[in-house]
Amino acid sequence: MSNKYSIPANTELTNEAVKALRADFPILNQQVNDHDLVYLDSGATSHNPLQVLDAEREYYLYNNSAVHRGAHTLAVEATDAFEDARATVASFIGARENELVWTSNATEALNLIAYSFGNASQGLGGEAARQFALTEGDEIVTTELEHHANIIPWQILAQRTGATLKHIPLREDGTIDYEAAEKVVTERTKILAFTHVSNVLGAITDVDFMVKLARKVGAFAVLDACQSVPHMPVDVKALDVDFAAFSAHKMLAPTGMGALYGKNELLEAMPAFLTGGSMITKVTMTEAQWMPAPIKFEAGTQRISQAVAWAEAVRYLQHIGMENVHAWESKLGARLAEGVSSVEGVRLLGPAAGTERAGMAAIHVDGVHPHDVGQLLDTQGIAVRVGHHCAQPLHRALGITASTRASAYIYNTTDDVDRFIEALGGVRAYFGL
Amino acid sequence: MSALDQLYQQIILDHSKQRNGEGLQDAHGLPSADNHQYNPTCGDEINLRVTLTDESEPKVKEISWEGDGCSISMAAASVLSEMAPGMTTAELQSLVDDFREMLRSRGKIEPDEEVLGDAAAFAGVAKFVARVKCAMLGWVAAEEAAKEAAL
Ligand SMILES: Cc1ncc(COP(=O)(O)O)c(C=O)c1O
C-alpha cells in the first residue's frame, strides 16, 4: 500500500516534504512550556511514526504467539513475521538474514562480542573459536571518542583475559588522529572497535582507513553503527567490517531492541553469550548443543512485536530513501554548525563549520553550564541533550566535562534549527554574561 | 515571575559567579573531613571540606570546596559555605534536613526564610525535579563531611 505514507516514495526532503511527513509523528505536534515543540534530541532517541506503532499494534491484535515453537497457525504467523523482520533489517544494512542477531540494544550487541570472545578465551567453542581467544600481550584498540558502550565491554574483556586495552588519541578538534592510529594498532592487536559517527561531534569516521588498518594486522573490525545506520546508507559488506552494532530506537522504532551484524562464518564459530531456552538443539543435564547463528545468540523469549515494528520503521526509511535522508540531514547539520558558530561565546565542538558532519552539533557555551543551557532552551520548548552523552573520555580530551548537543532527524525543518540558534543567542545574556 | 526566573533567582546567579568557599582551605590541625560527590547524569562534581572547631561541642569553622557544575550546584555550595560557619554540627544537620525537605516537596513547602536564609532562594528548584540533585550536591557533601569530621 503506497498511500499509507504522507509523502511519495523517494521524495527529496525539503521543508515542505518534512512538514507533510510530520503528520506521521503526532508527538511532534504539541506545545511544551507554551511553545511549539522543537525536538533536537534524536541522537539520544527518535520518535515512532504511526505506521510503526500500527504495525506493532496489529501484530498484537492478530498474530501474537511464541516464535520458533508450536505448530499452531498463530505461532507460524508470528515466526514468519519475526523472521521477515530479520530479513528486512538485515538487508537494510546489506547483510544476509543469518548475519543479524537480535539484541536488546546496541550496548548488548557490543557486550555480546566481548563476552563471546571472553568465553572463547576460556576455551569455550572449541577449535573453531580459537581465533577469538585473547591472552596476555594481545591488544584491543578503541578510540578516545567512543560512547561508553564501545569502551567498557572492552575494559572487561581485557580484565578477563589479561589483554591490554589501548586507544587511538584524538586530534585537537576531537576527531580521530589517523596518523596516531597507525602506531597504536600493532601486530598484537586482535580487535579494533570504533564508531562510524561520533554521537557527540557528528564527525564521520573514515571506516575504510580503519578497516584496512585492522586487516593489515589481522584484527577484527567492530563498527559502532548506532549513529550511522539511522541516518545514511550503510552497507556492511561494502565497508567490510566484521561486526556492527545498532539500535532500533534511534531509527523510528521502539526501545528494547538492537542488533548485531556479524559475518556469518564468524558468528557460526563464536561461542554463545546468553544461554537457555530457544538457542539450543540437544540438552542433557551436563551439556547442550547450540543452534546455528543467529539463533544461537538469542536465548529466551524474543522481542517479537518490536522486531515487527523495527521492520516497519526500516520500510518507512526506505520509502523516503536513505540518500534523501542523508542529504537532508547533511543540510541540517551544516546549518546547525554554521548557526552556532555565529553566536558569540559559543564554541562548536568537533569538525569546523563547512566540513562534513552528520546532522548534529555539540557546543560549549562560555560561562554557562550545559545543564543551565538545556534548562533555558526547555522553557522555550526546545529539547536538546546536555551532559557527557556517555562519552566522558571524549569530553575530558576536549577539556570540558559536559556539552550541549542538538541532533536532527528526518522530521526536523530548518525552522527547528533556526529556533534553536535564536534561543541560543539569548542564553549568555540571561545568565548575565 | 516565570518558573524559570524562580529557578534562577538573582541570588543564585550571583552566588554562581561570586562563590563563597571556593578553593580548598587547610584545616590547620583542626578536626576536618573531605567528601566527594558526583552526579553521573550531568558530570557535576564537588570536593568539599568541613573544618570544625576543637570545642567540646564543635562548631563549623569553615566550609571550603572545589567543584565543577551548573549554576544551581555551584550557587548552593556557595550559599552553604556562607551560612554554615558558627553552627554546631546538629544545627548544620537540621539546616540540611530542612533544605532537602523543601527541595523534595515539588514546590508544596513554602520556605521559611528565617530558617533557610539565602537558601530559601532555591525553592524554585523544587519544581524542576531533575535539578534537585544539583542543589543538593554540595549539601550532601557537607552533611557527610561534617559527620566524619565530628567522629
Ligand atoms: C555511538 C553510540 N553507541 C552506542 C550507543 C548505545 O546505544 P543503546 O543505548 O541503544 O544501547 C549510542 C546511543 O546512545 C550511541 O550513540
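Note on naming: letters A, B, ... go to the chains in the order of the sequence lines (proteins, then strands), and numbering restarts at 1 for each one. Predicted, not measured: the structure shown is a model, and the values here were computed from it.
At a 4.5 Å heavy-atom cutoff, the contact between B/Leu13 and chain A is made by side-chain atoms alone. With a threshold of 4.5 angstrom between heavy atoms, A/Leu433 approaches chain B through side-chain atoms but not through N, CA, C or O. Heavy atoms closer than 4.5 Å to chain B are found in both the backbone and the side chain of A/Gln375.
In this structure, the side chain of B/Lys17 engages the main chain of A/Phe431 through a donor-acceptor pair within 3.5 Å. Between the side chain of A/His388 and the backbone N or O of B/Pro40, at least one donor-acceptor pair lies under 3.5 Å.
Within 6.0 Å of CD on B/Glu55 lie more than 12 heavy atoms contributed by other residues, nucleotides or ligands. Heavy-atom contacts from other residues, nucleotides or ligands closer than 6.0 Å to CZ of A/Phe25 number more than 12. Residue A/Arg171 qualifies as enclosed at atom CZ: its count of foreign heavy atoms under 6.0 Å is above 12. Dense packing is recorded around CD of B/Glu22, with more than 12 heavy atoms of other residues, nucleotides or ligands lying under 6.0 Å away. The environment of CD in B/Glu110 is sparse: at most 12 heavy-atom neighbours from other residues, nucleotides or ligands sit within 6.0 Å. Within 6.0 Å of CD in B/Glu113 there are 12 or fewer heavy atoms belonging to other residues, nucleotides or ligands. Few gaps surround CD on A/Gln31; more than 12 heavy atoms of other groups in view lie less than 6.0 Å from it.
Contacts with chain B were tallied for A/Val368, A/Thr379, A/Val373; A/Thr379 has the most, counting heavy-atom pairs under 4.5 Å. Counting heavy-atom pairs closer than 4.5 Å to chain B, the top-ranked of the candidates A/Val386, A/Asp372, A/Thr401 is A/Asp372.
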Taking it one step at a time, do A/Tyr430 and B/Asp5 satisfy side-chain contact (heavy atoms from CB on, under 4.5 Å)?
CA-CA 10 Å; A/Tyr430 182 86; B/Asp5 293 342; 2.5 Å; yes
For A/His369 and B/Asp44, run side-chain hydrogen bond (donor to acceptor under 3.5 Å, both in side chains): C-alpha distance rounded to whole Å, both residues' side-chain angles, the deciding distance at 0.1 Å, then the answer.
CA-CA 10 Å; A/His369 192 275; B/Asp44 284 10; 2.9 Å; yes
